[in-house]
2 protein chains.
Amino acid sequence: MSFKQDLFAQFARVGKALSNGNRLEMLEFLAQGERSVEQLSRVAGLTVANTSQHLQQLRHAGLVDCRKEGLKVYYRVSGDDVIVLLDALRVVAERHVAEVQQLVSTYLTVKDNLEPIPREELLERVRDGLVTVLDVRPPEEYAAGHVPGAVNVPPQELEHWLDELEEQGGIKAHEIVAYCRGPHCVLAFDAVARLREKGMSARRLEDGFPEWKTAGLPVETESVE
Amino acid sequence: MSFKQDLFAQFARVGKALSNGNRLEMLEFLAQGERSVEQLSRVAGLTVANTSQHLQQLRHAGLVDCRKEGLKVYYRVSGDDVIVLLDALRVVAERHVAEVQQLVSTYLTVKDNLEPIPREELLERVRDGLVTVLDVRPPEEYAAGHVPGAVNVPPQELEHWLDELEEQGGIKAHEIVAYCRGPHCVLAFDAVARLREKGMSARRLEDGFPEWKTAGLPVETESVE
DNA sequence: ACACTATTCAAGTGATTAGTAGAATACTTG
DNA sequence: CAAGTATTCTACTAATCACTTGAATAGTGT
């Protein structure tokens with residue numbers, strides 16, 4: 001029964017694409033929107049040539065598509081089912097791989113206090129003007145799409161933003177919700193930890209922006225440059 | 001940021017476990033219930049030692065658990081999230097990998113005529129006694145759990161079963177629904193094709209038994225030996 | 001304690017993979 | 001058309017993987 005073997009070999013091709021940490025990192029980055037090869041190489045910390053080769057493997061596995069515009073080639077995930085797959089992978093890894101659990105818990109010493117806020121709940125509160133939403137991703141990602149009303153404060157600008165806030169008398173009574181790329185992007189954790197140090201009421205949004213977008217919730221775009 | 005790298009490396013470990021056709025075949029088999037190493041090696045067509053090593057990789061990735069009983073070691077998937085992951089993998093592979101599409105369509109020349117019947121619809125018709133349900137998996141899998149009221153007719157016994165049926169006057173007016181291991185197990189396809197050749201009204205159940213079970217639908221068990 | 005069975009472990013081989021470096025391609029701009 | 005840029009292609013190396021073989025472990029029945 002060679003049919004069966006062939007079939008599993010095709011599935012394995014997709015699995016193989018998921019078998020490398022750098023590729024997974026790229027995929028999570030691509031889950032947020034399309035990126036050029038050069039952007040991806042910078043995020044993953046790889047040479048451009050190497051990045052290109054990884055991207056071609058992802059393309060071969062059908063996980064990403066690309067589009068050429070002028071000099072640049074923009075890659076993007078080929079469908080929402082890829083995000084579903086990434087989430088399923090994450091769920092299994094979290095639930096079963098002991099090391100992940102340990103890593104997460106050692107990084108987040110006060111994990112329980114950092115309970116994330118559900119997406120729908122945040123949306124309501126934003127509508128009612130009860131929270132300040134913080135997008136801690138880099139400006140270009142923010143520009144490509146963000147939670148409506150969110151303020152873009154990348155990590156390196158957080159201290160500056162806090163100073164400004166304090167000058168203006170502070171908003172300590174106000175709740176702050178931070179989010180970043182996804183459930184395992186540490187930026188939002190860091191920001192929440194810092195805000196709490198300052199005595200502010202801060203929480204993290206469950207998951208991150210790609211999941212927000214996939215859930216069909218409203219997205220605000222702002223063209224940069 | 002070594003944390004990020006470590007994290008993706010952990011995810012990649014799960015991806016790596018999914019990067020081999022033989023392991024995927026084993027996982028799909030395990031999705032139906034627990035199996036001994038020897039059973040698995042037979043299904044995958046591998047040596048016992050090789051099978052054992054693959055199983056250890058799956059265990060390391062947290063995809064399967066095992067339980068020792070007497071001489072034998074029984075493996076099983078470590079949770080329903082693994083089945084969700086396998087389905088997500090299948091969806092992506094189907095939607096994007098051109099070769100899979102082609103394989104499926106060349107194997108099923110009359111694909112459109114073989115539209116599967118949804119699970120809930122089958123359940124209703126079974127209750128009303130309108131259909132005969134055929135479980136074309138091997139007896140041991142049938143014994144471990146099957147759709148209520150299903151008749152176990154492994155492929156090699158299909159002809160015999162058809163002969164008997166004809167002797168008894170046939171049930172040509174009756175509809176027959178066949179199912180097997182999953183959406184890509186060919187057994188049910190083969191059976192349906194054969195039944196149709198005989199002029200019978202036959203359809204395939206959507207997906208297979210593991211998905212039926214995961215959907216929370218009733219399961220009938222029968223102890224063998 | 002003995003043979004017997006199911007599984008795992010350990011060492012070795014050939015194939016595949018991730019990464020590097022430099023050339024080749026394709027498109028834009030002057 | 002020439003110079004410049006973003007990406008891909010083509011070797012090449014070191015590491016990893018799938019698989020085989022034979023030995024080791026653990027449990028069963030005599």
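So you know, we letter chains A, B, ... as the sequences are listed, proteins then strands, and number each from 1.
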*Asks:* Phosphate oxygens OP1/OP2 of D:dA18: is one of them under 4.0 Å from a side-chain N or O of B:N20?
*Replies:*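 For D:dA18, OP1 or OP2 has a side-chain N or O of B:N20 closer than 4.0 Å.
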
*Asks:* Can you tell me how far P of D:dT7 sits from CE of A:M26, to the nearest Å?
*Replies:*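 Atom-to-atom, A:M26 to D:dT7, this comes out as 12 Å.
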
*Asks:* Are OP1 or OP2 of D:dC17 and a side-chain N or O of B:K16 less than 4.0 angstrom apart?
*Replies:*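 Yes, within the criterion.
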
*Asks:* Whether A:R67 and A:E69 form a salt bridge (side-chain N of Lys/Arg under 4.0 Å from carboxylate O of Asp/Glu) is what I want to check.
*Replies:*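 Yes, charged N to carboxylate O under 4.0 Å.
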
*Asks:* Can you give me the N/O atom pairs linking the protein to nucleotides 9-11 of chain D at distances under 3.5 Å, or say none if there are none?
*Replies:*
from   : atom 1 : to    : atom 2 : distance (Å)
D:dC9  : OP2    : A:Q56 : OE1    : 2.1
D:dT10 : O4     : A:Q53 : OE1    : 3.0

*Asks:* Quick check: on DNA chain D, is the nucleotide nearest A:T51 upstream (toward 5') of the one nearest A:L71, or the reverse? Name the residue that is more 5'.
*Replies:* A:L71

*Asks:* Looking at CD of A:E141 and CZ of A:F29, how far apart are the two atoms once the value is rounded to the nearest 0.5 Å?
*Replies:* 4.5 Å

*Asks:* By the 4.0 Å heavy-atom rule, please label B:S36 as base, sugar-phosphate, or nothing.
*Replies:* sugar-phosphate

*Asks:* Of all the nucleotides listed (C:dT20, C:dT8, C:dA26), which has the minimum atom distance to the side chain of A:T47?
*Replies:* C:dT20

*Asks:* Please report the distance, rounded to the nearest Å, between CZ in A:R35 and P in D:dT7.
*Replies:* 14 Å

*Asks:* Quick check for you: among D:dG4, C:dT8, C:dA18, whose closest atom lies nearest to any side-chain atom of B:V48?
*Replies:*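 Ranking D:dG4, C:dT8, C:dA18 by closest atom to the B:V48 side chain puts C:dT8 first.
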
*Asks:* Assess whether a salt bridge exists between A:E28 and A:R181, defined as any Lys/Arg side-chain N lying under 4.0 Å from an Asp/Glu carboxylate O.
*Replies:* no

*Asks:* Rounded to the nearest 0.5 Å, what's the gap from CD1 on B:I83 to CG on B:L86? Could you check?
*Replies:* 7.5 Å

*Asks:* Rounded to whole angstrom units, what separation is found between the CD atom of A:E38 and the P atom of D:dT5?
*Replies:* 12 Å

*Asks:* Just say parallel, tilted or perpendicular for the rings of A:F8 and A:F11, cut-offs at 30° and 60°.
*Replies:* perpendicular

*Asks:* What's the separation between atom CE in A:M26 and atom CG in A:L58, rounded to the nearest 0.5 Å?
*Replies:*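 Spacing of CE (A:M26) from CG (A:L58) equals 7.5 Å.
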
*Asks:* Which nucleotide sits closest to the side chain of B:K72: C:dA6, D:dC19, D:dT8?
*Replies:*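 Selected nucleotide: C:dA6.
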
*Asks:* Under 4.0 Å, heavy atoms only, any strand: does B:E69 hit a base, just the sugar-phosphate, or nothing?
*Replies:* nothing

*Asks:* Output the rounded distance in Å from NE2 (A:H60) to P (C:dA18).
*Replies:* 14 Å

*Asks:* Provide, to the nearest angstrom, the distance between the CG atom belonging to B:L58 and the C1' atom belonging to D:dA18.
*Replies:*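 After rounding, the reported distance stands at 14 Å.
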
*Asks:* Base, sugar-phosphate or nothing for B:R23? Non-hydrogen atoms, less than 4.0 Å.
*Replies:* sugar-phosphate

*Asks:* Is there a side-chain contact between A:E211 and A:E206, using heavy atoms and a 4.5 Å cut-off?
*Replies:* no

*Asks:* Does a side-chain N or O from A:H54 land closer than 4.0 Å to OP1 or OP2 of C:dT17, or not?
*Replies:* no

*Asks:* What is the distance, to the nearest angstrom, from the OH atom on A:Y74 to the P atom on D:dT8?
*Replies:* 13 Å

*Asks:* Is there a donor in the side chain of B:D65 and an acceptor in the side chain of B:Y75, or the other way round, less than 3.5 Å apart?
*Replies:*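 Their side chains do not contain a donor-acceptor pair, so the 3.5 Å distance test is not met.
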
*Asks:* Look at all strands and tell whether B:Y75 reaches a base, only sugar-phosphate, or nothing, counting heavy atoms closer than 4.0 Å.
*Replies:* sugar-phosphate

*Asks:* Could you check how far NZ of A:K68 sits from P of D:dA6, rounded to whole Å?
*Replies:*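 Going from NZ in A:K68 over to P in D:dA6 covers 12 Å.
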
*Asks:* For A:L46 and D:dT8, give me the distance from atom CG to atom P, rounded to whole Å.
*Replies:*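 Atom-to-atom, A:L46 to D:dT8, this comes out as 14 Å.
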
